[in-house]
There are 2 protein chains.
Amino acid sequence: MAASALDTLHFALDRNSPVPLYYQLAQQLEAAIEHGALAPGNLLGNEIDLSTRLGLSRPTVRQAIQSLVDKGLLVRRRGVGTQVVHSQVKRPLELSSLYDDLEAAGQGPTTRVVRNETVPATADVAAALGLAEGAEVTLLERLRSTHGQPVALLCNYLPADLLELDTARLETTGLYRMMRTAGITLHSARQTVGARSATAEEAARLDEKEGAALLTMQRTAYDDTGRAVEYGTHIYRASRYAFDFQLLVRG
Amino acid sequence: MAASALDTLHFALDRNSPVPLYYQLAQQLEAAIEHGALAPGNLLGNEIDLSTRLGLSRPTVRQAIQSLVDKGLLVRRRGVGTQVVHSQVKRPLELSSLYDDLEAAGQGPTTRVVRNETVPATADVAAALGLAEGAEVTLLERLRSTHGQPVALLCNYLPADLLELDTARLETTGLYRMMRTAGITLHSARQTVGARSATAEEAARLDEKEGAALLTMQRTAYDDTGRAVEYGTHIYRASRYAFDFQLLVRG
DNA sequence: CAGTGGTCTAGACCACAGA
DNA sequence: CTGTGGTCTAGACCACTGA
């Protein structure tokens, strides 16, 4: 048996907790990696030993390890072992570009709701949301700023019966957070990211010069039943914003 | 027992195949969803019945189903069952923006290698690749076009000892495909996507006007050991290109 | 060759959803 | 209440890696 950096580590598993055992183990392994108890390149030691030492079955231990492999923290090699990824990437970004919350991380953003009303769906909006043309949709237009400077103009459409959108709450929290609170589970989103030059009107609203480069994003988001729950057209000042994200290659 | 759309379907499992059983099942389920034998909203029937009917154990069937849940094709609900996602999104895009191959899908792209040489790493390149400043890196500069029109200017840096980059082959295939052929397994990448206005020189090389909006992308890619294997700075003509991708929300 | 992860089995009990 | 997926066990054999 090879030596393992795990030998000296202690894991506290609570069988009475409602939290699944594999999840408890995964969290504690992740924490150990995070604060350096498990350094990049360290071998974890084989799964059989680990399971007997923890008093768990091998499939349970495997499930914990697999979840960290999926997150990109560990690598398994048949005939070799499982090691901590040797990486500069400290903590993988979540799919943050999906969330309005992204800017909340650090900047203290403010949101001004410009429009919040019910309108009939135009053809493109109806197509994106899978509704009939003319069906009622909520039109939401917001201007988001940080440090008193506008950053983005967000235009969103939602099925009118989906959710009640309180303007005051929208100015203090993100749209996605409100949807989650209302019991809507986001599942996937399709995005197109491009760029173009600002029109005179856009430039005025974003405090840019006409012709300045803008980053554009169109997105349709789906809940876990596959129903389209949101369609948005966003424009960002390229001078103040960029999308930053991490991709994991599918096994 | 509830009726299931699966009852009439036939699955051919070959136990002598080197392909894992769960994978064979997953592929055939995916095919059935794809060509409509399993329509959105259809219930799959419970896992126990399915496993006895197929002559597999329940964990094996679960593994097959789970892989499709991870892909976003199926949804599981405790107490309800597993159903095909009710979605407009036909086939989720792969993380295509990671691959040079993306443009190969449809457009018949051409690549001209502008530079392909070994240079000492500047500070920013060294930092991105985790090398010492001044270490040897391969500098690769390519101009990619479709239909005779330039689309993107791709500038990449790789550790010099990683791979031999044959200029002729680079003009007929993607960089990532060459890396994969050389036994390098891509694992993750960190990207930043932004926009800015074209400088006079960039405009000339991309056949745009000075000040035109450009889409920019910086990327560092890592292999499965976490070693940085590529750093790139790409610029795209926004009038001819946009990133299109699908996000799955982490469970 | 020995050691590793990859796959698979045949059960078990639980938590939650819906009638 | 019944039926579902969620979790867990204690084994087994195989394929691949590296010495």
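- The nearest whole Å value for the distance from the CG atom in A/Asn16 to the C1' atom in C/dA15 is 16 Å.
- B/Asp70 is linked by a side-chain hydrogen bond (donor to acceptor under 3.5 Å, both in side chains) to B/Gln66, counting only residues two or more places apart in sequence or in another chain.
- Legend: residues meeting side-chain hydrogen bond (donor to acceptor under 3.5 Å, both in side chains) with B/Thr233, ordered by chain and number and at least two apart, are absent.
- For the side-chain hydrogen bond (donor to acceptor under 3.5 Å, both in side chains) test, residues two or more places apart in sequence or in another chain that qualify with B/Thr60 are B/Ser57.
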What does the list of N/O pairs under 3.5 Å between the protein and nucleotides 6-9 of chain C look like, with a distance for each?
residue	atom	partner	partner atom	Å
C/dG6	OP2	A/Arg62	NH1	3.1
C/dG6	OP2	A/Arg62	NH2	3.1
C/dG6	OP2	A/Arg76	NE	3.1
C/dG6	O4'	A/Arg78	NH1	3.3
C/dG6	N7	A/Arg58	NH2	2.9
C/dG6	O6	A/Arg58	NH1	3.1
C/dT7	OP1	B/Tyr22	OH	3.2
C/dT7	O4	A/Arg58	NH1	3.3
C/dC8	OP1	B/Leu21	N	2.4
C/dC8	OP2	B/Tyr22	N	3.3
C/dT9	OP1	B/Arg15	NH2	2.6
C/dT9	OP2	B/Ser57	N	2.9
C/dT9	OP2	B/Ser57	OG	2.9
C/dT9	OP2	B/Thr60	OG1	2.7

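- Among residues two or more places apart in sequence or in another chain, the side chain to side chain contact (heavy atoms under 4.5 Å, CB included) test is passed with B/Arg62 by B/Glu47, B/Arg58, B/Arg76.
- Between the side chains of A/Glu230 and A/Tyr222, no donor N or O sits under 3.5 Å from an acceptor N or O.
- Taking atom CG on B/Leu44 and atom P on D/dG3, their separation rounds to 19 Å, with Å as the unit.
- Remark: A/Glu164 pairs with no residue by the side-chain hydrogen bond (donor to acceptor under 3.5 Å, both in side chains) rule, at least two apart or across chains.
- We find that CG of A/Leu50 is positioned 18 Å from P of C/dG3, with the value rounded to whole Å.
- Distances shorter than 4.0 Å separate some side-chain N or O of A/Asn46 from OP1 or OP2 on C/dT4.
- In this entry the distance linking CD of B/Gln83 with C1' of D/dT4 reads 12 Å, nearest Å.
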